[in-house]
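Below: one structure, written as structure tokens.
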2 protein chains.
Amino acid sequence: MLDPVSRVRRFNRAVTSAVGALDTSFLGRGRPLGAARVLNAIGHGRSDVAEIRDYLGLDSGLMSRLLRSLEDEGLVETIAHEDDARRRVATLTRAGRREFAAYEALSNTQAESFLAQHSQREALLAAMDLIASALTRERVTLDEMDPRSEQARYCLGEYYGELGRRFKQGFDVSLSRDPDAKDMRRPRGTFIVAISDTLPIGCVGLKGTDHGYAEIKRLWVAPAARGLRLGRRLMEMTEDAARGLGIKLLRLDTNSALAEAGQLYRRSGWSEIPRFNDDPYPDLFFEKRL
Amino acid sequence: MLDPVSRVRRFNRAVTSAVGALDTSFLGRGRPLGAARVLNAIGHGRSDVAEIRDYLGLDSGLMSRLLRSLEDEGLVETIAHEDDARRRVATLTRAGRREFAAYEALSNTQAESFLAQHSQREALLAAMDLIASALTRERVTLDEMDPRSEQARYCLGEYYGELGRRFKQGFDVSLSRDPDAKDMRRPRGTFIVAISDTLPIGCVGLKGTDHGYAEIKRLWVAPAARGLRLGRRLMEMTEDAARGLGIKLLRLDTNSALAEAGQLYRRSGWSEIPRFNDDPYPDLFFEKRL
DNA sequence: CATGATGTCTGACTTTAGTCAGGCATATTA
DNA sequence: TAATATGCCTGACTAAAGTCAGACATCATG
């Protein structure tokens, strides 16, 4: 009753019946679940037939028939792939987009009414983020992005917010060195965002300098995604990118209040060096030769 | 991407595929999911056919056929109900128990491997408890129990632990008045435990005294279950029980560090009174006339 | 350009899930 | 005790999901 395994299983049971309810709500639109799922997959931007089949785990025969039924309803059109005419690409027609919007509205209403029923909103959302990240951690993708992109800016906002909470003296971006986006774009550097099923859950910047080294900046992992070794993955990918850019020496600064970060650096081949800038926040400095 | 509704929906997607994986793992035992579910329902102690049907949401014809197929496999036996020969009671045969144990092992392994993959075990479990409680809150049952039962003792242990954390001076049961179990049994009093799908998530004691009143003691709601108005439900049920026992006056003591509790009492018709005992921990005293 | 590989489609299935109308035995009630 | 209700069962269906073999067009390669 009280051991960890029972708690996980209780969660599974609770969630199974909730998921079942969501599925049946999708049946209200007068088409079987299989067809609804295909329609929604297309609506969410999966257009390659093989990709959809793979995502939904369908047999190719079944997939083909479901697509046909959606075509007969006038919701979907399929055309041959540009580069390879054997592959097919599915898109929604105008009617298909309307129908997809109706499913979206259903899902949104369901999610809203779930939230409306519970007073512990923030705690609940944080718990959901944590579990969703844990469940999808194999499917976390690390993508290079522009540091000015929406996802990158979201990560940076969360990062600054967290520094503000963890530093005794608070944190003011303007006091720290300017997070110059230009230096975190190829070919001078790069910016990497970890995405778990559309939600950004971590980031790191590689910032080129003119001093013979590049800096690692703004390593952040969402609280919900800690414990998944995401920091390590982000660092490894950044180092690989740096090598690819011909960078030979990396440096970074951090603060001893961020204990996890310091540990991560020490464990992955970084060595402490004397202060190399006059930024007011950091009190720990590292470097790594590639 | 970042609004609450999207976060809920991301959670739904993550969990849907996890649940699907559990379902398919159940197919490995060579029988359809429907039959496996019935077998497991019986294994978990649901014996009345109507109860199982209701729990699994099955049509009576389908239910009957699934039972037949399990009988044909030699896993289940059904007999007429003692009190009403129209109703049927299903039990597992020896082979059925073996098969049920195999399903249990599958579920346990799945849960264990999920836990083993994640370093944030406690946070993850707490998040799962929270969500499971939120999802099943309509199905929380309040049961009168012996205060010495396993479930009651678990609640009390959690309750004392929490007092220890929230009181500046800590909390030592032995210093407080003895939680005499005898006085929390009928006809002198009672003890109520809130159970959400096998997990105890709250409790309250009604303790008879010889001073013309009864006391409410040990009101506790698990952190994972807060915000569901469970405290109120527990108090209401206790007051009903007290009325049933002919009790006219209720008293309770609490500590101002437990702000939620004080609020709950004030909002539900209790009035503050002067100290009526010399227990070292409480500093707030209430009474309510029934 | 022949050969084999790949991606999709169709036809011909099977299995699973679910529905509905009665039937039968047993209980309840007027 | 006759009428009615209840609980479970069977037969006869339908719908949905899933499987498999082979057809066909297209692509990659020696």
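What you are looking at is a predicted structure, and each value in this text was computed from that prediction instead of being measured. A, B, ... follow the sequence lines: proteins, then strands. Residue 1 opens every chain.
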Against the side chain of R86(B), the closest entry in dC9(C), dC27(D), dG7(D) is dG7(D)
Separation of dA25(D) atom C1' from D83(A) atom CG, nearest Å, is 17 Å
So, D3(B) and S6(B): side-chain donor and acceptor under 3.5 Å apart, yes or no?
yes
Here the distance between atom P of dT26(D) and atom CD of E82(A), to the nearest Å, is 16 Å
Check your understanding: Looking for any heavy atom pair under 4.0 Å, which part of the strands does R53(A) touch: base, sugar-phosphate only, or nothing?
Key -> sugar-phosphate
### Task
Using distance alone, with no hydrogens and no angle criterion, decide if R13(A) and T136(B) have a side-chain donor and acceptor under 3.5 Å apart.
no
**Request:** List the steps and the verdict of side chain to side chain contact (heavy atoms under 4.5 Å, CB included) for L27(B) and L33(B).
**Result:** CA-CA 6 Å; L27(B) 289 174; L33(B) 219 49; 4.1 Å; yes
Side-chain H-bond candidate by donor/acceptor type, R68(A) with S64(A), under 3.5 Å:
yes
- Message: Less than 4.0 angstrom between a side-chain N/O of R87(B) and OP1 or OP2 of dT6(D), yes or no?
- Response: no
When rounded to whole Å, the CD to P distance for the pair E51(B) and dT6(D) reads 19 Å
List the steps, then state whether side chain to side chain contact (heavy atoms under 4.5 Å, CB included) holds for N12(A) with Q110(B). CA-CA 11 Å; N12(A) 285 344; Q110(B) 198 258 3; 3.5 Å; yes
Assign each of R31(A) and A85(A) the nucleotide of DNA chain D bearing its closest heavy atom; nearer the 5' end lies the nucleotide of R31(A)
Note: contacts of residues 58-65 of chain B with DNA chain D (heavy atom, under 4.0 Å) are S60(B), G61(B), S64(B), R65(B)
D72(B) CG to dT10(D) C1', in whole Å, measures 14 Å
Parallel, tilted or perpendicular, as decided by the 30° and 60° cut-offs, for the rings of F100(B) and H44(B):
perpendicular
note: L56(A), atom CG; dG18(D), atom C1'; distance rounded to Å ~ 14 Å
#### Entry: Heavy-atom side-chain contact between M145(A) and C203(A) under 4.5 Å
no
Of the candidates dT16(C), dT10(C), dT8(C), the side chain of P32(B) sits closest to dT16(C)
Between L33(A) and D84(A), the residue closer to the 5' end of DNA chain D by nearest nucleotide is L33(A)
Here the distance between atom C1' of dA17(D) and atom CG of L27(A), to the nearest Å, is 13 Å
Separation of dA17(C) atom C1' from F26(B) atom CZ, nearest Å, is 19 Å
From CG of D54(A) across to C1' of dT6(C) the rounded distance in Å is 15 Å
